[in-house]
Every structure is written in structure tokens, then in C-alpha cells.
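In listed order, ligands and their atoms are each counted from 1.
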Amino acid sequence: MSSGAGRLRVAVLVSGTGSNLQAILDAAPDLCIEVCAVLSNRAECYGLERARRAGVPAVFVDPKAHADRAAYDAALAEGIDAFRPGLVVLAGFMRILSDAFVRHYQGRLINIHPSLLPKYRGLDTHARCLAAGDREHGATVHFVVPELDAGPIVLQARVPVLPDDTPEALAARVLEQEHRIYPAAIGWFAEGRLALQGGLALLDGSPLPAP
Ligand code: GAR
């Protein structure tokens, strides 16, 4: 599939395996998007390798080369903006982003988080869900706002918690759903159906119902 005009340019930020990136790359021809760049804070992460294999520019932005978070985020934004994306997608990007960075991409920065937000912001969501004895778990796509994992929700997927689940088994069940809902949400954005307005996520002009 050629990267034609009219396709939404999407930059993806990864820190790890990049299975969500792969789902997005695989869905790109059907979504009318072009993954224009993949950027990472980890040189050796498999996500960058996936980008290279797909013929997408893979950019490592080295945290050690920058004095503080503000300097790093400025360099990261410069790296992203060189590719002129219309949407920036966090796909397992494991760094807290500064308010200035988030504001720079307001309304065109989305994240996927492995829990049914607002439950379990932050890390170790699967273990925390098991420890709490929850009977269901899931994943959430949301617009990014300065407060961590607190932005308006776009889409959620639920999975059952099974007897004898381990964090790993539960994570795998959730990840399967992530690979379904993240491309779907990106497709909505590419079609111009999804927007952030007045602190609300709107689909076709109407606020998305609270989960
Ligand atoms: C995914 O489960 C994603 O939801 C999570 O990291 C994993 C990345 O997997 N993100 C976060 O925890 C962000 N707070 P992947 O590299 O295989 O896409």
C-alpha cells in the first residue's frame, strides 16, 4: 500500500515490545493512516525494530543526552514534529510526559492503558486488579491530559478475570483487546469522527458516554 495523500500521518511512541504498534501498522492500510515515524526512549526496544522492518523511520531519543524532563520532552517533540504527524499515539511509552509536551499536542495525543480507567492508573495494573479480587479487567484508550492516565475516555474493552489467573495471563488477555480497540480509535480520529473539545471526547459531535 503506498503512502498516499489524504492519509493521516501518525507518529507512534514506544518503549517496549511494540505489539500495539504492530497492530496499528497492520491495520494502517484499512484505516487511511500512514505511520510516519516511531520514536522511543529505549534504543534496543523491539518496537523500533518493528518500525525498521515495516520501512518506517525509527528514532531513538536518548534520555541520558538531556539534562532534565523539560529538555528531553522538547527534544522528543522536535523529533516528532519533524515528521509532521496529525496524531501522536502512545503505545507502551513508559515515561511521564511534561505538561508542556502534553499541551503542545492537545487534542491529537492519545494513549492506551491496561486497565478500566479510572481504576488502576499507573503501573502494575494486572497484579493490582488480581489483588483487589476484581471479576473484570480491561484496557482504555483515552486522550492525554497533563494528569497521568486521567484524560477523557475514548474506548474501553473488558475481559473477565478467570480463576487462577496470573498477572501474565491476564495481561495477555487484555493485550489481545488492546490490539482491537487501539486501531479502531485511531480509525475514528483519521475519519474526523473523534475529537477532544471542552475537555470531552466527542464522537460524531456527541460526548462519548461515561463507561
Ligand atoms: C500495553 O499493555 C500498554 O497498554 C501498556 O504497555 C503495554 C505495551 O505493550 N501501557 C502502559 O502501561 C502505559 N501506562 P506493547 O509494547 O506490546 O504494545
K.L.:
At what distance is the nearest protein heavy atom to atom 3 (C) of ligand 1, and which residue and atom is it?
P.N.:
E178 OE1, 3.3 Å
K.L.:
N111 versus ligand 1: do any nitrogen or oxygen atoms come within less than 3.5 Å of each other?
P.N.:
no
K.L.:
What verdict does the side-chain contact (heavy atoms from CB on, under 4.5 Å) test give for W188 and L155, after you've listed the backbone C-alpha separation in whole Å, the side-chain angles of each residue and the deciding distance to 0.1 Å?
P.N.:
CA-CA 11 Å; W188 286 348; L155 199 50; 3.6 Å; yes
K.L.:
Considering only heavy atoms, does V174 approach ligand 1 within less than 4.0 Å through its side chain, its backbone, both, or neither?
P.N.:
neither
K.L.:
Out of curiosity, is V14 lining ligand 1, as in a heavy atom under 4.0 Å away?
P.N.:
no
K.L.:
If I apply the N/O under 3.5 Å rule, does M94 come out as touching ligand 1?
P.N.:
no
K.L.:
My understanding is that only residues two or more places apart in sequence, or in another chain, count here; which of them pass side-chain contact (heavy atoms from CB on, under 4.5 Å) with A71?
P.N.:
H66, D68
K.L.:
Are H126 and Y120 close enough, and set up right, to give a side-chain contact (heavy atoms from CB on, under 4.5 Å), and what steps lead you there?
P.N.:
CA-CA 9 Å; H126 310 300; Y120 311 128; over 6 Å; no
K.L.:
Can you tell me the protein heavy atom closest to atom 14 (N) of ligand 1 and the distance?
P.N.:
H113 ND1, 3.4 Å
K.L.:
If I compare all heavy atoms of L116 with all of A139, which pair ends up nearest, and what's the gap?
P.N.:
CD2-N, 4.1 Å
K.L.:
Clusters formed by hydrophobic residues whose side-chain heavy atoms approach within less than 4.5 Å: which one holds L202, and what are its other members?
P.N.:
L200
K.L.:
Look at atom 6 (O) of ligand 1 and say which protein heavy atom is nearest, naming residue and atom and giving the distance to 0.1 Å.
P.N.:
G92 CA, 3.7 Å
K.L.:
Among V141, T140, N20, which one puts a heavy atom closest to atom 9 (O) of ligand 1?
P.N.:
N20
K.L.:
Please walk me through it: do F93 and L76 pass side-chain contact (heavy atoms from CB on, under 4.5 Å)?
P.N.:
CA-CA 12 Å; F93 187 67; L76 184 62; 3.9 Å; yes
K.L.:
At what distance is the nearest protein heavy atom to atom 12 (O) of ligand 1, and which residue and atom is it?
P.N.:
P114 CD, 3.3 Å
K.L.:
Measure from the ring center of H113 to the ring center of H142 and say whether it is less than 6.0 Å.
P.N.:
no
K.L.:
Hey, is G18 one of the residues with a heavy atom under 4.0 angstrom from ligand 1?
P.N.:
yes
